[in-house]
Amino acid sequence: MIGTNDQIKLTIKGARAERGVSLSDFESFIDNFLAALRDYDRARRGEPPRKSGHPDRRSEAVTAFRLVGFQTGSGVAIIEPEAVSIEDEQLAIDAEPLSLTNLRALADDLAAQRSIPDAVLDALGKARRAVGTDGSVTIDGAAVVGSPVVVDSTLLDRAVVKSAAPDTAEVRSASGWLHLLDLEPDRLGIRTTSGVEWSCRYPEELEERVKGLLDRIVWVEGNGRLTSPLRGSMLIEQIESVDIDQSALFTSTAVDEDELLARQGIAAPQGLDALVDTQWDDAIDDAYLAALLSK
């Protein structure tokens with residue numbers, strides 16, 4: 001049976017949680033925290049994150065918690081798991097609720113800094129930022145074995161790097177077109193000239209600089225890994241604009257066709273004869289053919 005020994009304490013801290021948590025912020029925190037639990041359970045079973053639609057029976061079971069207490073100071077929520085069956089059959093009396101099993105596994109992976117799916121990291125990031133950019137949530141009680149798990153920007157940034165496969169190539173820098181910018185979460189996309197798509201996260205102190213570099217060629221440095229020949233992930237430490245020197249052959253504005261013709265001394269259609277080299281003769285033709293055959 002479920003009792004006080006199964007209680008979990010979630011301590012929410014942040015700039016907007018110094019004297020409790022507003023209802024709208026708490027709602028945002030809960031929505032994203034539950035989304036992380038659903039996506040984590042689906043990832044454990046080898047299924048992709050669910051994008052939309054009403055949660056299925058299992059999704060409801062892995063997020064089945066009851067709020068039994070709330071304290072101010074920061075925001076301290078006391079929750080208990082609920083026993084919800086996935087199918088219509090009765091649960092065994094001594095069976096551990098799926099919600100508690102799933103949350104304990106997630107907390108254990110976070111504490112051990114194991115690979116965490118991107119969808120889960122994104123949802124946890126949104127949950128902690130619900131109470132401010134410095135937001136964090138500490139998980140304690142029945143969901144953890146040992147010390148409490150503090151989910152903050154430092155932990156999630158480390159998890160981003162760890163989430164890449166261990167046998168992939170490490171990369172310290174990359175350059176390409178910054179074609180995608182998502183401020184929530186802090187993520188940007190860079191496409192290199194060789195076609196590699198880099199999904200990058202950046203620290204909050206780089207946000208203003210990143211905003212001014214959208215749709216430009218940039219160079220980034222940080223901790224990255226190639227997860228496939230055409231995909232990579234990186235935690236950015238530095239980003240710079242790449243200035244490209246453009247020759248006089250190209251202009252930033254279109255030039256009128258008549259002006260181009262005048263510059264090149266073209267006054268009338270030239271025909272195919274304009275492509276013929278008047279100095280080319282049979283001797284040159286024979287020498288050219290002999291050179292090709294000698295290769």
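Because the structure is predicted, anything quoted here is derived from the model rather than measured.
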Exercise for the section: Would you tell me whether Ser241 and Arg216 have side-chain atoms, one donor and one acceptor, within less than 3.5 Å of each other? Expected result: yes

Handout entry: Non-neighbouring partners of Arg45 that pass side-chain hydrogen bond (donor to acceptor under 3.5 Å, both in side chains), sequence neighbours left out
Key = Asp41, Glu47

Fill in the blank from the handout: So salt bridge (charged side-chain N to carboxylate O under 4.0 Å, His left out) across residues 100-113, not counting sequence neighbours, yields Glu96-Arg104, Asp108-Arg114, Asp109-Arg114

Exercise for the section: Taking Asn102 for its side chain and Leu37 for its backbone only, find out whether a donor-acceptor pair lies under 3.5 Å. Expected result: yes

Exercise for the section: Please identify each residue that fulfils side-chain hydrogen bond (donor to acceptor under 3.5 Å, both in side chains) with Trp177, with sequence neighbours left out. Expected result: Asp215

Handout entry: Nearest heavy atoms of Pro81 and Asp6, plus distance in Å
Key = CD-O, 3.2 Å

Practice task
Applying side-chain hydrogen bond (donor to acceptor under 3.5 Å, both in side chains), name anything that partners Ser24, two or more places apart in sequence or on another chain.
Solution key: Ser22

Handout entry: Any residue meeting side-chain hydrogen bond (donor to acceptor under 3.5 Å, both in side chains) with Ser173, in chain and number order, not counting sequence neighbours
Key = none

Practice task
Give every residue pair that meets the ring pair (Phe, Tyr, Trp, His ring centres under 6.0 Å) criterion with at least one member in residues 190-227, sequence neighbours excluded.
Solution key: none

Fill in the blank from the handout: Asp31 and Arg38 have their tightest heavy-atom pair at O-NH2, 4.3 Å

In residues 203-211, what donor-acceptor pairs under 3.5 Å come from side-chain atoms, sequence neighbours left out?
from   : atom 1 : to     : atom 2 : distance (Å)
Glu204 : OE2    : Arg128 : NH2    : 3.4
Glu208 : OE2    : Lys211 : NZ     : 3.3
Arg209 : NE     : Ile239 : O      : 2.9
Arg209 : NH2    : Glu240 : OE1    : 2.7

What side-chain donor-acceptor pairs closer than 3.5 Å can you find for residues 143-154, not counting sequence neighbours?
from   : atom 1 : to     : atom 2 : distance (Å)
Asp152 : OD1    : Thr154 : N      : 3.3
Asp152 : OD1    : Leu155 : N      : 3.0

Practice task
Please list, chain by chain and in numerical order, all residues satisfying ring-ring contact (aromatic ring centres under 6.0 Å, His included) with Phe26, sequence neighbours excluded.
Solution key: Phe70

Completion exercise
Note: with side-chain heavy atoms under 4.5 Å as the link, the other cluster members for Val68 come out as Val76, Ile78

Fill in the blank from the handout: side chain to side chain donor-acceptor pair (under 3.5 Å) pairs touching residues 63-79, sequence neighbours excluded, are Arg66-Glu82

Exercise for the section: Would you check if there is a donor-acceptor pair between the side chains of Arg172 and Asn223 at a distance under 3.5 Å? Expected result: yes

Practice task
If a pair satisfies salt bridge (charged side-chain N to carboxylate O under 4.0 Å, His left out) and one of its residues is in residues 185-198, list it, with sequence neighbours excluded.
Solution key: Asp122-Arg187, Arg191-Glu197

